[in-house]
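Below is one structure, written out as structure tokens; comments come after it.
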Amino acid sequence: MRRFTGCFLAALLLLGLTACGAKEPESLQVIAMDTSMTFTAYDGEGEEAVSAAGQEVRRLERLLSKTDKESMVSRLNTAGGERVAVGEEVCSLLKAAETYSRATDDTFDITLSPVSSAWGFTTDSFRVPERAELDALLKNVGMGHVSIQGDTASLDAGTQIDLGAIAKGYASDCVAEIFRENGVANGWAALGGNVVALGSRPDGSPWRVGIQDPQKADDPNAFAGMLQLKDAYAVTSGSYQRFFEENGKRYHHILDPATGAPAESGLLSVTVVADDTAGNGTMCDALSTALFVMGEERALNFWRSGAYDFQLVLVTQDGRVVITDGLADTFTSEGDGYVCETVS
Ligand code: AMP
Ligand code: MG
């Protein structure tokens, strides 16, 4: 069995070069939430901002981690059906998760946690579960097994949650808020595949956010395309970010709640882009996961429905990069081997 573990650092690579003569930016790199994160501030109280951002992601890790036994998520997961006072912040994130599940026809589902564990994605002890095992586990999957009341929550016995598909997006919202509180108008934060780009580069041009070429995941400088963004979130979910191979078949970490198996949707990655309105980091993270499960046609229909305000870059298994028309002026094709299509 070949094993590939850990998140690739450069799901999105942010290129921000300091202009000649401009003030050096304040930058901090931390490992938190199982991810390498970088915070960079070009103005305001930059040092305080990046330091507070580092503390914030560690606080959120302690609150939301599925593997930290002391976290609120772990307490909820091990409460055996009892109600737990998880606090207002966790409850509002659970409510957001519930909303995105409903909006995406349950393709987004935080209660897949036991299924994800059965595949070994929690422990790195990868295995391919039998159909019967998955069917048994799926009985406890679904937001109907989660109850949120005030600042308390409970899970039905057998149900467990994993906020891995939304927590870093939420963290990016919190970091953007900290930047603003510290007067940082120009800067960026990359939390693995979750990027927030505020303002612009020192020369006034947009930030350049590279979309990793999923077929060259080992090369952080291989891009399927480049986005030029100001005041925006960009979040990528991809099958290349975490997977293992057994008997020549690849099994990745984004599961289809309908089957309990890695989503076979014809996509290699989904990037969701939205403006920097508060909460959009969380939205982009939830939607990138959900739309990966949906596949191209459903994802584009969801985008066309206008339920949420965002744009998309889809990299398909058959070698296309599909962008929605709102990105036409900001996206440039990179590398070779992909055919680029703009849809409206
Ligand atoms: P992301 O990288 O944001 O797409 O999140 C992927 C992670 O979320 C996985 O590693 C799992 O922990 C979890 N996950 C997998 N499939 C789903 C799904 N369909 N809905 C919600 N969370 C999921
Ligand atoms: Mg996500």
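Atoms within a ligand are numbered from 1 in the order they appear, just like the ligands themselves. Index from 1, following the sequence.
Here the options are F302, F292, W303, the test is side-chain contact (heavy atoms from CB on, under 4.5 Å), and the partner is L287; only F302 passes.
S101 places a side-chain N or O within 3.5 Å of a backbone atom of F108 that can act as its donor or acceptor partner. Not one N or O on the side chain of W188 forms a donor-acceptor pair closer than 3.5 Å with the backbone of T38. Judged purely by atom type and a 3.5 angstrom limit, T35 has no side-chain atom pairing as donor or acceptor with the backbone of I31. A distance-only check finds no donor-acceptor pair linking the side chain of E246 to the backbone of R127 [under 3.5 Å].
Around the Mg ion (ligand 2), the protein atoms of type N, O or S that sit closer than 2.8 Å are A165 O, D285 O, D285 OD1, T289 OG1.
In terms of polar-atom proximity, defined here as any N/O pair under 3.5 Å, S288 makes no such contact with ligand 1.
Using 4.0 Å as the threshold, F121 has no heavy atom nearer than that to any atom of ligand 1.
The protein heavy atom nearest to atom 1 (P) of ligand 1 is T289 OG1, 3.3 Å. The nearest heavy-atom contact from the protein to atom 22 (N) of ligand 1 is A165 CB, 3.3 Å.
The cationic group of K168 does not satisfy the cation-pi geometry with Y170, failing either the under 6.0 Å distance to the six-membered ring centre or the 45° limit from the ring axis.
Applying the side-chain hydrogen bond (donor to acceptor under 3.5 Å, both in side chains) test to residues at least two apart or on different chains, the pairs with a partner in residues 154-165 are R83-S154, H145-D156.
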